[in-house]
Each structure stands twice: as structure tokens, then as C-alpha cells.
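What follows is a set of notes on a single structure, which appears directly below.
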Protein chains: 2
Amino acid sequence: MSEQAHFLRKEKEAVIIQRKKTQSGAGAAMEPLQLGKRVKAIRLGKSLTLEEASQLTGLARSTLSKIENEQISPTFAAVTKLVNGLGIDIPQLFSPAGRKGATGGRRDITLKGTGTLHPTPTYEHELLATELSGKKMIPYKTTICARSFEEYQDWIRHEGEEFMLVLSGKVRLYTEFYQPADMEEGDSAYYDASMGHVVISTGKEDARILWVTT
Amino acid sequence: MSEQAHFLRKEKEAVIIQRKKTQSGAGAAMEPLQLGKRVKAIRLGKSLTLEEASQLTGLARSTLSKIENEQISPTFAAVTKLVNGLGIDIPQLFSPAGRKGATGGRRDITLKGTGTLHPTPTYEHELLATELSGKKMIPYKTTICARSFEEYQDWIRHEGEEFMLVLSGKVRLYTEFYQPADMEEGDSAYYDASMGHVVISTGKEDARILWVTT
DNA sequence: TAGAAAAGTTTCCTATAGGAAACTTTTGGG
DNA sequence: CCCAAAAGTTTCCTATAGGAAACTTTTCTA
């Protein structure tokens, strides 16, 4: 459709100009998610014109139009402006349509061993409750493969707080400002995750741990 | 700032001199959020090299480097690849940068069976990490004594979100807007706690559960 | 309806994102 | 130490995002 329009336009301008503009033909950049449609729906839901949305977001009217029609993939900076200007709920933008937020009476059950796997040399993560987006907590189980502090490049540290519970095996929890602590099944710890921390297995078997992070 | 960069580029083309990159100093593009640092932290947390991350995400090594060093603002498409490739939790990326951990480099370890007890007719709670105040999450283990829905006066509901993991035994999770779910050791659930919920033991033994609530 | 104003789209251009490869820095041997 | 390999950074280039303005379409209003 837009392709036809494009051709007509070209012919009309006619003549020599062949500038050619790549993009129109292939058109619809296959954006992984229908960001544009969502933005449009949200804007219309608020009864805003492109001009008003432009004022609110600081993005050009034309840019908004192109985003809504999925002619471009906005930069992170642009998305941020959209989000702040229009008060969009983030996870909504990213979630592949069907995914549900953790609020408003939602739940997700993860049966043993059915989480989303994420292996690294030292840990093997199994993310839980991945069907829910926008969660305040991130729960996952981990098999601790590492056997020595040296297997880590450096302390692990990240935003937020962390709770851990030893599900099986024996571990040693190293934390930046404390003495290492030996823990076994049933023991738990809670700490500020911006403080460097690292966990290694000390028993015969690789230990299993449940983590919950904010 | 970017204007400077542009000028330099122009000059370089025009002449021969090619003095070094503008941005080096504290120049740091003022990206609304510290996307780059977060991405880097996440990558390092998984002990991945740029090359490996490149494979996982489909983004070029150089692009990743520039994103991490906040030299560019990735497109939405690129952010999506990052998120999917590295298993990043979205809100993490957008959440207001500064958020300081309430516990400021502290930790508390609770050895098995040493939590603070808090019995009720239907549950028996063992609060964990009680040495730390002002936590964002509240972890506790519970022995589920109740055997039928009727032993509860009403749905349990409260603010926030809740994660639960079955440590032992068998339970049935009733939630207001869903069918009851039977769960056993290793299964977990995540739900909006303002939705009515109740758990009963269905096995021979009283079940043990770990809860974490925001 | 016609005509104008508002809303939306497209063009055209500059600035910049993303990729390939060159280059630099860091890590390990020996 | 020195060299080699690996990790990370920068350069250089092309494709494309974003803005201003021209253009088209829709919506009123008389």
C-alpha cells in the first residue's frame, strides 16, 4: 500500500530525480515487536495529537509518525523520551504481546526444572516466573559450579538487595566487607547486592541455591 | 558536544591531522540512564566476553563496546537483542539510576532453624534475616498446617508481590482468579499478593514453603 | 460542498547507530 | 621480560534515526 503511494509520488515528482531512497521499498522494517502500534494506541488512548505528543516527549512530529508507522527503530534515548513523556509502562513495550505484568491479579507457576536456563562457567541459572514481566523481584535457582574464588574475575555486584537460600549442597559465601561464611542446606542470607559477593560450592556435589533479587 | 565531534571529523577529513577522540574526558554522553554500565555489569556478572555476548545477541563486538561505554544510544531493536540475548530483566534497564540499597553494604545470615518464629493456626512462620531492617523483601519459611480451604476465614491478600517455593511436601495453591494449582517440592509461583491467595498442605506431612514478599 | 485549518505523512538532510577491521591493552606462558 | 593470544577499543564506512519543512489527508464550518 505505502509502496504504491510511493511509486505514485515518484512518478508525479517525475522526471529525473532518481535519488532512490532505499527504505521505502522494503518498507516495514520488521521490528521484533509492534512498538509502533502500541505507541499509537497509547497516544490515541490519551486523545493526543502528534503535535501534543511531540511537545510532551520532545520528539519531532515526524519522528513520532515514523515510529508509529514502524518506519524506524527509535533509539533508546527516544524510547526513554516516549516513556517519560507519555507515561508508558515499560514492560508493555518489550513484552511479546501476550506477556503479563506481575500486578493486577496475575500469577505464574514454574514447575521444577522448567525455568529458563542461562548457563555461565561458574553458575548455571534457571530463571523462574519468566511469564511475568515487570516484577519487583527476580527469582532464580542456580547450580554453583565454581569451586574457588579465583574462578571469578572479580566480585559480583549489582543494584538492589539479594536473598539466597541453600537448597542442597554446601557453599561458602564471600562478601566484600565480611568474613566468608560456610552455609549448607536450609541456611539463608540477605545482603545488599552492591556489596561485592561470590558463592562457591564446597561440598562433593555442586550446590543448588535459590536467589531472589530486587 | 556531539557538535564538537562533528567538527573534528570535518576538520580531519579536510586536513591530515587526526587528533584523538573528543569524548575521552568526562565527556560521557548524558544518557538518561546508565544503560551502558548496567549492560556491562550484567555481562560481567555472567562472565561473558564481548565476543560471547556478541554471539548471544547478534550485535557486533564493537557495538557492544560502544554501548557499554555509553558512546552511542542503541536503537530499540538493539536493546531488544540485548534483552533477549543476555536475559536482562527490562525494568532493570529503565529503573531510575540512583536507587541506593537500603542496607548499604550489610548482610545477615540465618542458619537453618534459627529464624524468628511466628505461629498461627494455619501456618507457622519462621522469619529470616531479622537482623536487617528496612529490607525491600521479606523472606520467611512456613510450615503449612492447614489441610482445607475452610480453615481460612477468607482469602489472604496484602500489598506487593509474592514469590513462593515449595521446599518439601505437597501443597495446593488457591488464587482468586485462577484454578487451584497442585505443587510439590521444587515448584514455585509468583503472583500479585493483592489477589486473594491461600495455600494448604495436601501430602501426608505438613509442607514447608519459602516465601519472599516485597 | 468549498475552503481553511488541523492532523498526519513524506521528503530531504544531517547526525549518529551499527558492523568490519585495524588498532591497543591486558593476560598468560616460556 | 618478551612474545603471543585474547579482550577490549577505535576507526572508518554505510545505513538509518531524527528534525524541519513541504506535502497530503482529514475534519470542521459556513
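Residue numbers begin at 1 in each chain, while the letters A, B, ... track the order of the sequences. Hydrogens, waters and symmetry mates play no part in the numbers below; they use all other heavy atoms, side chains included.
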TODO: Mind listing the closest non-hydrogen atom pair of A:Leu165 and A:Gly186 along with its distance?
DONE: CD1-O, 3.6 Å
- [ ] Go through the N and O atoms of the side chain of B:Lys66 and the base of C:dG19, and report whether any donor-acceptor pair is under 3.5 Å.
- [x] yes
Task: Phosphate OP1/OP2 of D:dG8 contacted by B:Arg43 side-chain N/O (<4.0 Å) - done: yes
- [ ] Could you check how far CD of A:Glu51 sits from P of C:dA5, rounded to whole Å?
- [x] 17 Å
Open item on the list: Under 4.0 Å, heavy atoms only, any strand: does A:Thr49 hit a base, just the sugar-phosphate, or nothing?
Closed with: sugar-phosphate
Open item on the list: Tell me if the CD atom of A:Glu205 is crowded by more than 12 foreign heavy atoms within 6.0 Å.
Closed with: no
Task: Side-chain N or O of A:Gln71 closer than 4.0 Å to phosphate OP1/OP2 of C:dT9 - done: no
TODO: Please work out whether the ring planes of A:His197 and A:Trp211 are parallel, tilted or perpendicular, with thresholds of 30° and 60°.
DONE: tilted
Open item on the list: On the side chain of A:Thr75, is there an atom forming a donor-acceptor pair with the base of C:dA17 - under 3.5 Å, no angle test?
Closed with: no
Open item on the list: In whole Å, I'd like the distance from the CZ atom of A:Arg61 to the C1' atom of D:dA17.
Closed with: 18 Å
Task: Phosphate OP1/OP2 of C:dG19: any B:Thr63 side-chain N/O under 4.0 Å - done: yes
Open item on the list: Which heavy atom of B:Arg43 sits nearest to which heavy atom of B:Leu48, and what is that distance?
Closed with: NH1-O, 2.8 Å
